[in-house]
Amino acid sequence: MSWKEIIAGKIEDFEENGLKTVEVEGAKVLIARVGDEFHALSAFCTHYGAPLEKGVLSDGRIVCPWHHACYNVRNGDILNPPAMNALVSYEAWKDGENLKVRIPEDMPKRRLPEMTRRDPKADDRTFVIIGGGAAGYYAAQSFRENGFKGRVIMITREKRLPYDRPNLSKDYLHGKAKDEWMPLREDAFYAEHDIEILGGKEVLSLEADTGKIVLDDGGTMEPDGVIVATGGRPRKPGMPGSDLGNIFTLRSFDDADAIIAAAKSASKAVVIGSSFIGMEATHSLTELGIKVTVVGKDAIPFEHVLGKEIGLLLKREHEGRGVVFELEKNVSRFFGEGNVERVLLNDGTEIETDMVLVGIGVVPETGFVKGIELLPDGSIPVDGYLHAAGNVFAAGDIASYPDLRSGTRSRIEHWRVAMQQGRTAAMNMLGMEVRYGGVPFFWTDQAGLNLQYVGHAPSWDSLITWGSVEEKEFITFYVSNGVVLAACGNWRDTEMAAIEELIRLKKMPWPEELASGPIDLKALL
């Protein structure tokens with residue numbers, strides 16, 4: 001490999017504790033200045049390619065502005081999902097008044113983390129991951145990243161490799177994301193790192209005390225450790241007519257493909273439930289030119305999650321795209337010959353339709369677990385290290401964990417939380433004793449809005465808003481018992497990344513400070 005030295009700029013051009021992208025001879029390099037230290041790295045997030053200079057530098061971490069992947073500023077290593085690849089780091093040094101960087105002629109955009117392979121002579125243990133979603137995938141990578149040389153087996157009911165599930169209701173559903181973009185990794189990755197995938201398999205039972213697993217094909221195994229990461233199954237309607245064709249839920253790749261196929265000959269659709277899945281799918285269906293009616297039991301979509309004002313904004317933006325809302329109503333039954341043709345609501349309203357999408361939440365997929373007393377919602381109680389019982393850990397949508405910030409148990413159905421927990425569970429199975437304390441984060445793109453939500457506020461006493469929700473440029477803070485638990489912003493990427501770090505570091509300003517007007521949150525880091 002041939003290298004060249006470039007002058008990245010004058011030392012005075014780089015703000016202390018700041019990020020700046022420089023371009024020299026067509027090469028883009030991110031310069032991070034930490035005090036009087038300089039670090040040079042690849043300039044774009046390895047997840048979706050966000051420009052990292054728009055993120056924040058905090059506590060030795062670079063936080064991506066879009067989906068909050070975190071990297072070690074000194075070497076580019078992954079510190080937080082959803083990134084799966086690390087940044088490339090380059091030598092940087094001061095030369096008089098200039099900053100110089102040594103880069104290769106052919107610059108890579110990312111690098112695979114250093115990972116081990118199986119070596120039975122070094123470690124004869126077998127670890128099994130039940131579930132092939134976000135938590136399951138990241139557990140497998142975490143095992144190999146952290147030096148595990150034993151056998152790693154992932155059991156998944158799907159016949160596909162782990163894929164980008166959030167995209168199913170977003171770009172994939174309305175045709176912007178191609179099929180080949182969806183897998184998290186190619187087949188060769190799993191082969192290269194000796195991660196065995198048992199696809200199309202159902203686990204009938206897991207005995208928590210012994211770890212014994214029974215599969216639907218009669219096979220059994222008794223591994224040395226198990227991570228349960230099975231996620232949830234969609235709630236299905238139970239009213240008359242629910243067995244008609246063209247009534248869908250959306251959880252898997254196959255679900256999305258079935259919806260796309262039905263949408264090709266549809267002009268009208270009914271979406272039941274004003275959940276995130278339901279409303280993102282609503283946006284995608286309207287992008288396909290389908291007239292959508294949303295039926296929801298709440299008076300305002302998302303009011304209990306985001307508050308009344310943001311809920312009304314989302315409703316108004318969808319209505320501006322032709323969506324009709326039937327709120328504070330329920331479905332009584334479906335009518336049709338073979339396929340659904342009409343939906344009857346509890347107030348007598350009938351809606352003609354070509355298809356129905358049901359988005360009324362999920363139920364934790366835990367019925368196969370024996371020897372653990374499940375919580376009333378079906379989730380698995382775990383401790384702060386995601387340990388459930390014996391040699392069994394749990395991660396993702398099914399795990400109810402002690403929340404360090406709220407002091408209560410939480411179960412959060414977010415993609416990045418699942419990845420964080422899969423990573424942490426694997427580390428703890430290896431004996432690393434890493435307490436789970438990730439700051440929850442999710443994003444949603446719908447009806448022209450790009451909302452980011454940081455933290456977790458199941459309820460709140462008051463809201464503080466900077467900017468204008470009406471004008472779609474805002475940050476809203478959720479306050480409970482005098483503490484800021486969460487924030488939601490639209491097109492405020494850098495500030496939302498800063499808020500996550502402030503919550504993580506326990507540096508979030510008090511509500512009284514926030515109420516006095518906008519503060520430079522990035523400067524507080």
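Source: prediction; values computed, not measured. Each residue takes its place number in the sequence, starting with 1.
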Any side-chain heavy-atom pair of F189 and L161 under 4.5 Å: no
Greater than 12 external heavy atoms within 6.0 Å of K54's NZ: no
Value rounded to 0.5 Å, distance of CD in Q141 from CG in N146: 10.0 Å
Expected output: side-chain H39 to main-chain A32 donor-acceptor under 3.5 Å: no
Min side-chain heavy-atom separation Y138-L184 under 4.5 Å: no
From D403 atom CG to Y436 atom OH, the distance as rounded to the nearest 0.5 Å: 8.5 Å
Over 12 non-hydrogen atoms of neighbours within 6.0 angstrom of NZ in K4: yes
Closest non-hydrogen atom pair, A8 against I31: CB-CD1, 4.2 Å
Parallel, tilted or perpendicular, as decided by the 30° and 60° cut-offs, for the rings of F442 and H414: tilted
H193 versus T116, closest heavy-atom pair with distance: ND1-O, 3.9 Å
E186 atom CD: more than 12 heavy-atom contacts under 6.0 Å: no
Aromatic plane relationship, F148 with F143 - under 30° parallel, 30 to 60° tilted, over 60° perpendicular: tilted
Passing option when L41 is tested against V101, I62, V29 for side chain to side chain contact (heavy atoms under 4.5 Å, CB included): I62
From Y48, W181, Y172, residue fulfilling side-chain hydrogen bond (donor to acceptor under 3.5 Å, both in side chains) relative to D164: Y48
Atom pair CG (L57) and CD (E16), whose distance is rounded to the nearest 0.5 Å: 11.5 Å
Electrostatic pair R504-E501, nearest N-O below 4.0 angstrom: yes
Taking every non-hydrogen atom, the tightest pair across K28 and E23: CE-OE1, 3.3 Å
Y401 and Q421: side chain donor to acceptor below 3.5 Å: no
Pairwise side-chain hydrogen bond (donor to acceptor under 3.5 Å, both in side chains) hits with a residue in residues 80-92, at least two apart: N80-Q420, N85-R185
Other residues, nucleotides, ligands: >12 heavy atoms within 6.0 Å of E287 CD: yes
S284 side-chain N/O to S169 backbone N/O, donor-acceptor pair under 3.5 Å: yes
Salt bridge R416-E500, side-chain N to carboxylate O under 4.0 Å: yes
Aromatic ring proximity F276/F302, centre distance under 6.0 Å: yes
Lys/Arg-Asp/Glu bridge criterion (N-O < 4.0 Å) met for R316, E470: yes
Within the 6.0 Å centroid threshold, strictly below: Y478 and Y453: yes
Side-chain (E365) to main-chain (T230) donor-acceptor, under 3.5 angstrom: no
Side chain to side chain donor-acceptor pair (under 3.5 Å) between Q446 and T282, worked out: CA-CA 8 Å; Q446 50 179 289; T282 292; over 6 Å; no
Test ring-ring contact (aromatic ring centres under 6.0 Å, His included) applied to F477 - qualifying residues, sequence neighbours left out: W466
Electrostatic pair R111:D77 at N-O distance under 4.0 angstrom: yes
Gap separating the CH2 atom of W415 from the CG atom of D397, nearest 0.5 angstrom: 10.5 Å
Neighbour count above 12 (heavy atom, 6.0 Å) for W510 CH2: no
Heavy-atom closest contact (R160 atom, D179 atom, distance): NH1-OD1, 3.9 Å
Side-chain heavy-atom pair W460, V479 within 4.5 angstrom cut-off: no
For P51 against P65, the heavy-atom pair lying closest together: O-CG, 3.6 Å
S42 side-chain N/O to V88 backbone N/O, donor-acceptor pair under 3.5 Å: yes
Sequence-distant partners of H456, side-chain hydrogen bond (donor to acceptor under 3.5 Å, both in side chains), two or more places apart: none
Euclidean distance, I503 CD1 relative to M508 CE, rounded to 0.5 Å: 6.0 Å
Electrostatic pair E158-R165, nearest N-O below 4.0 angstrom: yes
Inter-residue atom distance N17.CG - D59.CG, 0.5 Å rounding: 11.0 Å
Worked check of side chain to side chain contact (heavy atoms under 4.5 Å, CB included) between V484 and L502: CA-CA 11 Å; V484 176; L502 290 169; over 6 Å; no
Whether over 12 other heavy atoms sit under 6.0 Å from E433 CD: no
Minimum heavy-atom distance S459-L485, with the two atoms named: O-CD1, 4.2 Å
Under 3.5 Å: donor-acceptor pair, side chain of N428, backbone of G431: no
Check: V382 main-chain N/O paired with R409 side-chain donor or acceptor under 3.5 Å: yes
